Structures are given as structure tokens and as C-alpha cells.
Amino acid sequence: MDKEQILGFDVCTYSKKELLSNIVKDYLNGEKNFVVNINPEIIMTNYKNNKIKSEFNKQKYQIPDGSGVILASKRKKGKLKERITGIDLMLKICETMQEYPAKIFLYGSKKDIANKAKEELNIMYPKVNIVETCDGYCDESIAIEKINKSHADILFVGLGSPKQEKFIMENKDKLKSIKIFMPIGGSLDVISKTKKRAPKWMQKNNLEWLYRLIKEPKRIFRQCKLFKFIWLVIINKK
């Protein structure tokens with residue numbers, strides 16, 4: 001598989017269509033995959049953590065979930081085709097899995113949010129099979145038990161980074177029936193309509209980060225990592 005590295009992190013160069021096709025193909029073949037989201041914040045959080053970096057890099061799929069990652073690729077004349085956000089890929093997976101006997105589990109966010117997201121997904125994709133949900137505040141052992149009892153084969157984890165990635169890495173071997181593990185950040189909040197996503201024009205112009213900052217000014221501390229990322233990747237040309 002063709003990949004390129006951004007600050008030591010592998011990133012798939014597939015288009016969204018190619019990525020979805022391959023993930024579904026692996027699912028049908030019974031392969032287990034942890035789909036990793038790579039964006040500036042995740043890179044800078046784990047930049048000096050060789051263990052995390054190694055774990056992420058050994059996965060088959062790492063999606064370019066951040067405009068900064070695409071900018072870094074273009075700067076060094078790389079091959080990344082397009083930004084692929086976690087929520088967009090999640091929705092495409094749900095849409096596609098209507099054709100198959102897939103069982104989906106939603107885990108994360110505050111109380112009742114996952115259930116509301118399930119209701120909205122059932123409206124969007126009437127044939128999608130979401131077998132169970134669990135909020136992100138329940139005990140982790142209870143969540144694991146519920147996931148196993150559901151016999152789900154696709155798990156979307158919305159606990160926020162790095163907690164969601166940590167949960168998947170530490171527990172994927174315990175969750176025997178899951179074929180697709182995917183961290184989704186705040187996607188359940190958006191899907192449940194608890195929070196609004198940036199307007200389409202901002203999405204197309206890679207300005208979702210600005211929209212979130214305007215809506216949640218306290219995110220400025222998280223955005224500081226973006227400036228450090230720009231310094232390391234763009235100015236120093238690493």
C-alpha cells in the first residue's frame with residue numbers, strides 16, 4: 001500500500017473512495033482493522049511517543065484527517081489526494097454497510113447522545129443495523145462487556161483523543177467479533193444534532209478548525225499544537 005510519512009507518522013494516500021472500497025473488502029474477508037485518524041493535533045500529542053507512533057504505523061489504514069496534513073504533503077510534493085475526515089468516513093461506512101449483515105456499536109459521548117445518534121443514523125440509512133450503544137462515562141469494563149454481548153463487528157469509538165485510541169489499542173484483542181475499529185472524536189455529537197458541524201463552504205476550504213474555535217474558544221489551547229505542527233513541518237520542511 002502506498003503511504004507517506006508526516007513527522008514519522010504513516011498516512012495512506014488512497015482517495016476516500018479507494019479507502020472505503022478496501023476497508024469494506026477487508027471486512028468481507030474477515031480481516032480486523034484499526035482505522036487511525038492522523039491530524040496535526042494527534043501528531044503533536046504523540047510526536048515523541050515512539051510506542052504510539054509504532055502502533056499507529058503498523059496498522060493498515062491511517063487516514064489524513066486534517067487540512068494541515070494535506071498542506072504538509074503538498075509542501076513536500078507528496079501524494080495525499082484529499083482530506084478524509086473521521087465523520088465522513090464513518091457515515092460512508094454506515095451507508096455502505098446497509099448492503100451487508102453488519103452489526104454496528106456506537107460507544108462514546110455524554111449520556112443519551114449515542115442513542116440520539118443511532119436514531120439519526122437510522123433515519124439517514126434505514127437499513128443500517130446499529131445493535132447497541134454505550135455512553136463514554138460508563139465503566140470501561142461494562143463497555144467491553146456490552147460490546148462483546150452485542151456481537152457487533154464494527155465499533156465506532158467517540159471518547160476524544162487520545163482516550164479513544166488508547167481504548168482501542170488496549171482492548172481490541174478482547175473484542176473478538178469486531179472487524180472494524182474506528183475512533184470518531186466528536187462525531188456522535190454532530191450526528192445526534194447536539195452540536196452543529198461547520199457550513200459546507202468552510203468544510204470545502206479546510207476551515208472546520210476555525211469554526212470549532214469560534215464555537216468553543218477554549219479550544220485555543222489545543223490549536224496551539226497546530227502552530228507547532230506548522231513550524232515543524234512547513235517552516236523546517238520536515
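Just so you know, these numbers come straight off a predicted model, no measurement behind them.
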Name every donor-acceptor pair, under 3.5 Å, that has one atom in a side chain of residues 115-130 and the other anywhere in the protein, sequence neighbours excluded.
| residue | atom | partner | partner atom | Å |
| --- | --- | --- | --- | --- |
| Asn115 | OD1 | Thr133 | OG1 | 2.6 |
| Lys118 | NZ | Ile130 | O | 3.4 |
| Asn122 | ND2 | Lys118 | O | 3.2 |

Discussion item. Assess the residue pair Leu188 and Met90 against the criterion (side chain to side chain contact (heavy atoms under 4.5 Å, CB included)); give the C-alpha distance rounded to whole Å, side-chain angles, the decisive distance to 0.1 Å, and a yes or no.
Written reply: CA-CA 10 Å; Leu188 297 178; Met90 174 192 177; 4.2 Å; yes
Practice prompt. Please identify each residue that fulfils salt bridge (Lys or Arg N to Asp or Glu O under 4.0 Å) with Lys179, with sequence neighbours left out.
Written response: none
Discussion item. Can you list everything that forms a salt bridge (Lys or Arg N to Asp or Glu O under 4.0 Å) with Lys25? Sequence neighbours excluded, please.
Written reply: none
Practice prompt. Just jot down the side chain to side chain donor-acceptor pair (under 3.5 Å) partners of Gln164, sequence neighbours excluded, or say none.
Written response: none
Fill in: side chain to side chain contact (heavy atoms under 4.5 Å, CB included) assessment of Glu165 paired with Ile42
CA-CA 10 Å; Glu165 290 84 7; Ile42 287 174; 3.8 Å; yes
Worksheet, complete the sentence: Residues passing the side chain to side chain donor-acceptor pair (under 3.5 Å) test with Ser73, sequence neighbours excluded, are Glu4
Discussion item. Between Ser54 (side chain only) and Asn50 (backbone N and O only), is there a donor and an acceptor less than 3.5 Å apart?
Written reply: no
Practice prompt. Look only at the side chain of Ser177 and the backbone of Ala152, and say whether a donor-acceptor pair between them is shorter than 3.5 Å.
Written response: yes
Response to the item:
Residues passing the side chain to side chain donor-acceptor pair (under 3.5 Å) test with Asn29, sequence neighbours excluded, are none
Worksheet entry | Under 3.5 Å side-chain donor-acceptor pair for Asp10 and Gln62 | no
Worksheet item: Short question: side chain of Glu82, backbone of Lys16 - any donor-acceptor pair under 3.5 Å?
Response: yes
Discussion item. Would you call the rings of Tyr14 and Tyr61 parallel, tilted or perpendicular, taking 30° and 60° as the class edges?
Written reply: tilted
Worksheet item: How would you list, by chain and number, every residue that makes a side chain to side chain donor-acceptor pair (under 3.5 Å) with Ser141, sequence neighbours excluded?
Response: Asp139
Discussion item. Tell me which pairs pass side chain to side chain donor-acceptor pair (under 3.5 Å) where either residue lies in residues 142-157, with sequence neighbours left out.
Written reply: Tyr27-Asp153, Glu145-Lys149
Item to complete: Could you list the residues that satisfy side chain to side chain contact (heavy atoms under 4.5 Å, CB included) with Ser21, not counting sequence neighbours?
Response: none
Discussion item. According to side chain to side chain donor-acceptor pair (under 3.5 Å), does anything in residues 97-110 pair up with another residue at least two apart or in another chain? List the pairs.
Written reply: Ser109-Asp189
Discussion item. Tell me if a side-chain donor or acceptor on Lys176 pairs with a main-chain N or O of Asp173 at a distance below 3.5 Å.
Written reply: yes
Fill in: N/O donor-acceptor pair under 3.5 Å between Lys53 side chain and Tyr47 backbone
yes
Worksheet item: Considering all heavy atoms of both residues, which atom of Asp65 and which atom of Thr85 are nearest to each other, and what is their separation?
Response: OD1-CA, 3.2 Å
Item to complete: Before giving the answer on side chain to side chain contact (heavy atoms under 4.5 Å, CB included), spell out for Phe156 and Phe105 the whole-Å C-alpha distance, their side-chain angles and the decisive distance to 0.1 Å.
Response: CA-CA 6 Å; Phe156 293 118; Phe105 194 107; over 6 Å; no
Item to complete: Go through the steps to decide whether Phe181 and Val35 satisfy the test side chain to side chain contact (heavy atoms under 4.5 Å, CB included), and finish with yes or no.
Response: CA-CA 6 Å; Phe181 298 85; Val35 181; over 6 Å; no
Worksheet entry | All salt bridge (Lys or Arg N to Asp or Glu O under 4.0 Å) counterparts of Asp26, not counting sequence neighbours | Lys60
Worksheet item: Are the side chain of Asn57 and the backbone N or O of Gly8 linked by a donor-acceptor pair below 3.5 Å?
Response: yes
Practice prompt. Could you tell me whether a side-chain N or O of Asn46 sits under 3.5 Å from a main-chain N or O of Asn49, the two making a donor and an acceptor?
Written response: no
Discussion item. So, taking the atom named OG in Ser161 and the one named CG in Asn37, what distance separates them when rounded to the nearest 0.5 Å?
Written reply: 8.0 Å
Discussion item. With a 3.5 Å distance limit and no angle check, can you tell me whether Glu170 reaches the backbone of Phe167 through a side-chain donor-acceptor pair?
Written reply: no
Worksheet entry | Residues which pass salt bridge (Lys or Arg N to Asp or Glu O under 4.0 Å) with Lys172, listed by chain and number, not counting sequence neighbours | Glu55
